[in-house]
Amino acid sequence: MTQFTLIDILRNLIFATQWTVILSLVSFAGGGLLGLVLLFMRIGKARLLPPVVKLYVEIFQGTPLLMQLFLAFFGLGLFGIDVPPWLAAAVALILWTAAFLAEIWRGCVEAVAKGQWEASASLGMSYLEQMRHVILPQALKVAIPPTVGFSVQVVKGTALTSIIGFTELSKAGTVLTNATFQPFTVYGLVALIYFALCFPLSQAARHLERKMNAAHRH
Amino acid sequence: MPLIAIDGLRKSYGEHEVLKGIDIGVEKGEVIAIIGKSGSGKSTLLRCINGLETINGGSIAVDGAELAADEAHLRALRLKVGMIFQQFNLFPHKTAGQNVMLAQQVVNKTGKAEAEAMARKMLDRVGLGEKFDSYPDQLSGGQQQRVAIARALAMEPMALLCDEITSALDPELVGEVLQVVRGLAAEGMTLLMVTHEMAFARDVCSRVVFMHQGRVHETGRPEEVFANPQTPELQSFLGRSAA
């Protein structure tokens, strides 16, 4: 049996980390885009759309991410469609991220004072003009810290995809543990790598929040 | 035909009827003070005139532009009446100058240079020419309210609605805002203002409207209304506000 040195373990883990990073980026970018669409459906003026988005958000916030992954992976399999783990992982994470981001951003839009709507309306601006020039610029500023903060949840969320067989950092950890019988060393390293990914993000979120509080304008 | 024609205006919030049939005609150049207790419907009346509230009955027209729920009608109406709010409601992410320029550029599609020239002119008019590049949070309450007035004026409205525009100000800042309003009145701007500044109303306004329980209870020239109130409600209101 081959002996694994610490360097071997680390090298394998770092190789797998790239899949964690890629999945995180895909989920965050895809979820952000879909979240934006959901946001506009939610706060828009069409009567039917807001309740639909509300239900969507409730479902994804009210069920464990793991169940969503299972459903994406096994659910489509029931219909004879063979879903590879990476696709199920990406789809489930994108849908999950979108639900949370849409809800975070809705809060930011609603945090803009009612007087801003009234003042811009009384100047004759249409709904879209109000949104574009008055409401969204203010909401965006409020939205940046919690959005960056949520990206940490996305990174950690990717760990669950190991269960449906997507070989990212956690899955690589499991495989290496089975080969080396050194669970503490391996999972300790796995945890350190996650921390190295997440810590800068949460620091950035905190930094941005301080910066936004210090300077309210622009 | 008056500039602002309000006929049989009714407004309810759920079961509660706030305006119970208001008829007011405002001629061009009139300066009207709307007074009354809080809850008498005076702010609601003002907010109905430029469509910030939906109405339940009656009609409102400003210079022939009828109030209707669709965006095109609202826009046409709002271009004829400007509104100043108690809380100023300046756009905090824009400078004083940009606040005044924004609606000109977005709504009227005015070019940037022209909008800026207009903004400078209007800020000068309210005595804030040198504050063009200041952000709202760098200005005092009185200065912010004057920027708000400049912002409304830049759209060249036919009338201005002023909703308790000095109520959020520290006492020493009230004067500078009222001075601007006084100037507007002198230049012939049509003004409809909800106010608690009785001395100002007496001084500047051509007509006083006293509202009570959702109706116009008493109306007349300020010297008559203040010196010789006819109804017990107005007598008690003036007695209380004088105390």
Within 6.0 Å of [atom1] in [X], more than 12 heavy atoms from elsewhere:
X         : atom1 : result
Tyr13(B)  : OH    : yes
Phe74(A)  : CZ    : yes
Leu48(A)  : CG    : no
Lys109(B) : NZ    : yes
Trp86(A)  : CH2   : no

Backbone N/O of Ile135(A) and side chain of His93(B): donor-acceptor pair under 3.5 Å: no
Expected output: side-chain Asn89(B) to main-chain Ala119(A) donor-acceptor under 3.5 Å: no
Ser122(A) side, atom OG; Arg78(B) side, atom CZ - distance, nearest 0.5 Å: 7.5 Å
Side-chain heavy-atom pair Pro137(A), Lys94(B) within 4.5 angstrom cut-off: no
Minimum side-chain heavy-atom gap Glu129(A)-Arg75(B) below 4.5 Å: yes
Contacting region of Leu90(B) [heavy-atom separation from chain A under 4.5 Å]: backbone
Under 4.5 Å from a heavy atom of chain A, the part of Phe85(B) involved: side chain
Shortest non-hydrogen contact from Ala103(B) toward Leu123(A): CB-CB, 3.7 Å
Heavy-atom pairs under 4.5 Å with chain A, option from Leu102(B), Leu77(B), Asn108(B) with the top count: Leu102(B)
Pick from Arg151(B), Met155(B), Gln87(B), Met83(B) with the largest number of heavy-atom pairs that fall under 4.5 Å of chain A: Arg151(B)
Among Gly124(A), Ser120(A), Ala113(A), residue most engaged with chain B (heavy-atom pairs, under 4.5 Å): Gly124(A)
